Structures are given as structure tokens and as C-alpha cells.
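Here is the structure we will look at, set down as C-alpha cells.
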Amino acid sequence: MLLIMRINEDTLLEGEKVVLVPYNADHVPRYHQWMCSPELQKLTASEPLTLEQEYDMQRSWREDDDKCTFIILDKQKWADPSIPEQECMVGDVNIFLTDPSDASLAELEIMIAVPCYRGKGLGKEVTRMMMCYGVHKLGVQKFEVKIGLDNKISIAMFKNFHFRELSISEVFREVTLGVTMNEALQKHVFGNMDFMLQREYGKARDIRQAPFCDNSL
């Protein structure tokens, strides 16, 4: 299997409203704060972790061969170098390889963790960006998502990306949607791909921090 998930360790994806950056240790305290929320635990089917366990999880995700994780940043905030990156965080997005025998199949997960950022089109933009990245950089052709049956807004959003219902689990109260990205659909969804810019995260971070470097020596 191609070790695709470390491919994003120095990748920054810039859209209109968001910037996607690799999940690193600096992001963990804010992420842990989010995941202490019972609402997010329920939405993500997650168990509460200690801060130390969260750091262990971040390291395992970073080294995982079948998972690609980005932190979602508010682009407008991130453009202001006086605002620490952690304070620009609004959510995360993941791509999982779910079938060892089929590297073209992946599950997509998106979380807008900060309530005031929901309903503003960020989820739609992040979905488009990650599907494009998955197809063109990771070789993914088939995407699936699992969504709570009560989450009508997310279900409708993914259906706008031509996802179709694959199955319903009454036990877990969730629906699985899927889409296969053929050439015609890629052209329709991605267009000429001018909605996303890829840059080196390390360089972008250094440039952002440059104004606060001590140049007096």
C-alpha cells in the first residue's frame, strides 16, 4: 500500500475562507478543549480523552499509513500574524483508507467544531478541497461519509456533491453516503481547480512568524 498519509506533513491548502494545515502538537490543547464538549463527543462518536492521550492520538494520526488529517483554520484570522495559529482553528478534516484491498476507497470526515462558524459554507469549501486533494494527490476515486440521521444539513450538502445513499444503520442512527469520482464528475465538481492553492506549510508558517522575530541582533 502506498504510504499516502505522511504526504501532507508539509502541505498547506488555501481556499477562499479556510486554510488547511497538518495536525501537529501545537494544535492539541485547542483540539482537546473542543473534544471535552459532550455535543462534539456525540457528533463524532468519540470518547473523552485526557490531554496526554490526545497528544498520543495526534502522534499516531501523524504516523498512520491510512489516515490524512488537516486542521481547518479561519483564513481571515490566519492572515493576521499577530493571532496565534491555535486561535485560528475552527475544525478538522480527515481522509481514511477503509479497505486494505482497495486504496482508491476512502472515508471522509469533517468537523466544524466552533459553533459560530457553522452554516457559513466552510464545510462545503473544505469538502471540495479535500475531495480534490484526495483524488489528485492520494489516488482516491471513491468517497464515503457516515452522517447522523438527524444531521439533515450535512446530508443535503454531500448530496449536492453527488453523494448517494448506500445504507442506513438504525442501530447507530446514521446513513452512509458514497460517490465515485469519474472524469466528468471531477470536471463538474473541481472545474479548473482555481479554488485551491497548495503551498509548503513550513515556509508559510515561518513567513507568518517572521514579523515577530527579533532582528535587533
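These numbers were taken from a predicted model, which means no experiment stands behind them.
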Q) When you look at V135 and M130, which way does the side chain to side chain contact (heavy atoms under 4.5 Å, CB included) test go after all the steps? A) CA-CA 8 Å; V135 168; M130 283 305 286; over 6 Å; no
Q | Verdict with reasoning, V90 to L122, per side chain to side chain contact (heavy atoms under 4.5 Å, CB included) | A | CA-CA 10 Å; V90 300; L122 271 66; 4.0 Å; yes
Q: Take F96 and D66 through the side chain to side chain contact (heavy atoms under 4.5 Å, CB included) test and state the conclusion after the steps.
A: CA-CA 6 Å; F96 303 90; D66 59 8; 5.7 Å; no
Q: Applying side chain to side chain contact (heavy atoms under 4.5 Å, CB included), run through I168 and L149 and close with a yes or a no.
A: CA-CA 8 Å; I168 292 179; L149 289 174; 4.1 Å; yes
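Residues in residues 148-160 take part in these side-chain hydrogen bond (donor to acceptor under 3.5 Å, both in side chains) pairs, two or more places apart or across chains: N151-S154. Legend: ring-ring contact (aromatic ring centres under 6.0 Å, His included) pairs involving residues 137-160, not counting sequence neighbours, sorted by first then second residue: F158-F163. Evaluation of the salt bridge (Lys or Arg N to Asp or Glu O under 4.0 Å) test over residues 179-188, restricted to residues two or more places apart or in two chains, returns none.
Between F70 and Y133, the two ring planes are perpendicular [angle over 60°; tilted spans 30° to 60°].
Contact between A113 and L40 at its shortest, heavy atoms only, is CB-CD1, 3.8 Å. Contact record, D10 with P22: N-CG, 4.3 Å, taken as the closest heavy-atom pair. Listed here is the closest heavy atom pair of M196 and C132: CE-SG, 3.9 Å. Nearest heavy atom pair, residue P29 against residue Y55, reads CG-OH, 3.5 Å. When all heavy atoms of A79 and P81 are compared, the closest pair comes out as O-CD, 3.2 Å.
The pair K75-E14 counts as a salt bridge, with a side-chain nitrogen and a carboxylate oxygen less than 4.0 angstrom apart.
Here E200 pairs with K203 under the salt bridge (Lys or Arg N to Asp or Glu O under 4.0 Å) rule; sequence neighbours left out. E39 pairs by the side chain to side chain donor-acceptor pair (under 3.5 Å) definition with R118, not counting sequence neighbours. Contacts of Q198 classified as side chain to side chain donor-acceptor pair (under 3.5 Å), with partners at least two apart in sequence or in another chain: none. For K17, there are no salt bridge (Lys or Arg N to Asp or Glu O under 4.0 Å) partners two or more places apart in sequence or in a different chain. For F190, the ring-ring contact (aromatic ring centres under 6.0 Å, His included) partners two or more places apart in sequence, or in a different chain, are H136. Qualifying side chain to side chain donor-acceptor pair (under 3.5 Å) partners for H162, counting only residues two or more places apart in sequence or in other chains: H188. Scanning for salt bridge (Lys or Arg N to Asp or Glu O under 4.0 Å) contacts around E170 gives R173, with sequence neighbours left out.
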Name every donor-acceptor pair, under 3.5 Å, that has one atom in a side chain of residues 174-181 and the other anywhere in the protein, sequence neighbours excluded.
none

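Atoms CD and OG1, on E107 and T98 in that order, are 6.5 Å from each other to the nearest 0.5 Å. To the nearest 0.5 angstrom, I110 atom CD1 is 9.0 Å from I95 atom CD1. A distance of 9.5 Å separates CD1 in I147 from CG in L108, rounded to the nearest 0.5 Å. The distance from atom CD1 of I112 to atom CH2 of W34, rounded to the nearest 0.5 Å, is 8.5 Å. Here the straight-line distance linking atom SG of C88 with atom CD of Q76 works out to 10.5 Å at 0.5 Å rounding. Going from atom CD of Q58 over to atom OG of S60 covers 8.0 Å, rounded to the nearest 0.5 Å.
Crowding of I153 atom CD1: a count of heavy atoms from other residues, nucleotides or ligands under 6.0 Å not exceeding 12.
Residues L105 and V145 do not share a hydrophobic cluster, defined by chaining ILVMFWY side chains whose heavy atoms lie under 4.5 Å apart. Residues F161 and M193 share a single hydrophobic cluster, defined by chaining ILVMFWY side chains whose heavy atoms lie under 4.5 Å apart. The hydrophobic cluster containing F195 also contains L185, counting ILVMFWY residues as joined when their side-chain heavy atoms lie under 4.5 angstrom apart, directly or transitively.
If you chain together ILVMFWY residues whose side-chain heavy atoms come under 4.5 Å of each other, F172 ends up grouped with V171.
For the pair R199 and Y201, the NZ or CZ position fails the cation-pi test of under 6.0 Å to the six-membered ring centre and within 45 degrees of the ring normal.
Between V18 and M129 the shortest side-chain heavy-atom distance falls below 4.5 Å. Counting only heavy atoms from C-beta outward, the side chains of H27 and E85 approach each other to under 4.5 Å. Proximity of T127 to M157: side-chain heavy atoms (C-beta onward) are separated by under 4.5 Å at one or more points. Side-chain contact check for Q86 versus D26: some heavy-atom pair is nearer than 4.5 Å. Within the 4.5 Å cutoff, side-chain heavy atoms of K142 are placed close to those of D102. Proximity of L12 to L20: side-chain heavy atoms (C-beta onward) are nowhere separated by under 4.5 Å.
Residues Y23 and D92 bring no donor and acceptor atom of their side chains to less than 3.5 Å of each other. Remark: the H32 side chain and the Q53 side chain contain no N/O donor-acceptor pair separated by less than 3.5 Å.
Looking only at distances, a side-chain donor or acceptor of R208 sits under 3.5 Å from a matching main-chain atom of W78. A donor-acceptor pair is defined here as one N or O able to donate and one able to accept, closer than 3.5 Å; no such pair exists between the side chain of E144 and the backbone of A106. In this structure, E54 contributes its side chain and L51 its backbone to no donor-acceptor pair below 3.5 Å.
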